[in-house]
Amino acid sequence: MRNIGKRNKDSKIKKILLTYIKNNLREIAIITIVFFIGLVFGIIFVNNSGIEQANEISSYINEFVNSLRNNMQIDKAELLKDALISNFLLALILWFVGSTVIGIPIVYGTIAYKGFCLGYTLSSSIATLGMR
């Protein structure tokens, strides 16, 4: 009996999500494209960086990896708290700014910036550490 009620609830949530995606497919596609454009720009930025900048990136990543290997203590609770606070503030600002017509380009810029950061991080990590 319990499984029947759960399945019905799951199908209801699934139905709501599919309806939401169907109704907002254009906006979801635009946001995804903007994110991937930022991602590509981040990768291109690292690949076209100069030798001095590439050396700085490599030394920073190598120092971080070596500190992790040497069992440097990282306060995971503090790291989680900082990440949650900063992302909550970003979500709050995006919600407030996105509720106005004037703020919509700011939302797109923030999404592109997040993509750029991710592309930069992945590309520099792969360039430094390789595909291990």
Side-chain angles (χ1 to χ4, degrees):
M1 286 277 201
R2 288 186 171 190
N3 287 341
I4 294 172
K6 186 176 182 192
R7 250 188 294 172
N8 190 14
K9 191 183 267 187
D10 288 343
S11 65
K12 198 175 203 180
I13 292 172
K14 185 177 180 181
K15 192 176 189 181
I16 291 169
L17 285 174
L18 288 175
T19 304
Y20 176 81
I21 291 171
K22 192 169 109 177
N23 291 340
N24 298 302
L25 190 61
R26 181 174 165 253
E27 289 82 10
I28 293 170
I30 290 171
I31 289 293
T32 304
I33 290 169
V34 168
F35 180 78
F36 280 119
I37 288 171
L39 189 78
V40 169
F41 277 141
I43 293 169
I44 290 171
F45 188 80
V46 170
N47 288 338
N48 291 330
S49 63
I51 294 172
E52 186 176 315
Q53 188 176 11
N55 289 337
E56 287 180 21
I57 293 169
S58 294
S59 67
Y60 177 77
I61 292 175
N62 286 328
E63 284 178 26
F64 181 74
V65 169
N66 287 335
S67 67
L68 289 178
R69 285 184 184 153
N70 295 332
N71 293 327
M72 183 179 151
Q73 296 297 322
I74 297 176
D75 188 7
K76 294 177 185 173
E78 184 69 26
L79 188 63
L80 177 65
K81 186 179 87 172
D82 289 343
L84 287 175
I85 289 172
S86 67
N87 285 323
F88 178 74
L89 288 174
L90 179 66
L92 190 65
I93 290 168
L94 283 177
W95 174 77
F96 180 73
V97 171
S99 65
T100 65
V101 176
I102 297 169
I104 292 175
I106 296 171
V107 172
Y108 288 144
T110 305
I111 299 295
Y113 174 72
K114 287 291 189 178
F116 178 85
C117 291
L118 183 64
Y120 186 92
T121 303
L122 289 175
S123 183
S124 60
S125 297
I126 290 172
T128 301
L129 303 173
M131 294 289 287
R132 292 187 229 166

Next on the checklist: With salt bridge (charged side-chain N to carboxylate O under 4.0 Å, His left out) as the rule and sequence neighbours excluded, what pairs involving residues 16-30 come up?
Outcome noted: none

Item to check | Ile93: partners by side-chain contact (heavy atoms from CB on, under 4.5 Å), with sequence neighbours left out | outcome: Val97

Next on the checklist: Measuring from atom CG of Leu118 to atom CZ of Phe36, what distance do you get when rounded to the nearest 0.5 angstrom?
Outcome noted: 9.5 Å

Item to check | Distance in Å, Ile106 CD1 paired with Thr100 OG1, rounded so as to fall on 0.5 Å steps | outcome: 7.0 Å

Checklist entry - Quick one: CD1 on Ile44 to CG on Leu39, what's the gap to the nearest 0.5 Å? => result 10.0 Å

Next on the checklist: Could you report the tightest heavy-atom contact between Ile43 and Ser123, atom names first, then the distance?
Outcome noted: O-OG, 3.8 Å

Checklist outcome for this item: In this structure, CG of Leu122 is separated from SG of Cys117 (nearest 0.5 Å) by 11.0 Å

Next on the checklist: Please give me the minimum heavy-atom distance between Lys114 and Phe35, naming the atom from each residue.
Outcome noted: C-CE1, 4.0 Å

Item to check | Atom pair CG (Leu90) and OG1 (Thr110), whose distance is rounded to the nearest 0.5 Å | outcome: 6.0 Å

Next on the checklist: For residues 58-113, which residue pairs pass the ring-ring contact (aromatic ring centres under 6.0 Å, His included) check, not counting sequence neighbours?
Outcome noted: none

Next on the checklist: Are more than 12 heavy atoms, taken from residues, nucleotides or ligands other than Ile21, located less than 6.0 Å from that residue's CD1 atom?
Outcome noted: yes

Item to check | Flag, side chain of Ser49 to backbone of Val46, donor-acceptor distance under 3.5 Å | outcome: yes

Next on the checklist: Give me each pair satisfying salt bridge (charged side-chain N to carboxylate O under 4.0 Å, His left out) with a member in residues 35-64, each pair once, sequence neighbours excluded.
Outcome noted: none

Item to check | All ring-ring contact (aromatic ring centres under 6.0 Å, His included) counterparts of Phe116, not counting sequence neighbours | outcome: Phe45

Next on the checklist: Heavy-atom count check: over 12 atoms from other residues, nucleotides or ligands less than 6.0 Å from Leu92 CG?
Outcome noted: yes

Item to check | ILVMFWY network linking Tyr120 to Ile37, side-chain heavy atoms under 4.5 angstrom | outcome: yes

Only pairs under 3.5 Å count here: list side-chain donor-acceptor contacts from residues 78-85, not counting sequence neighbours, and write none if there are none.
none

Checklist entry - For the atom pair CD1 (Ile126) and CG (Asn47), what is the distance rounded to the nearest 0.5 Å? => result 10.0 Å

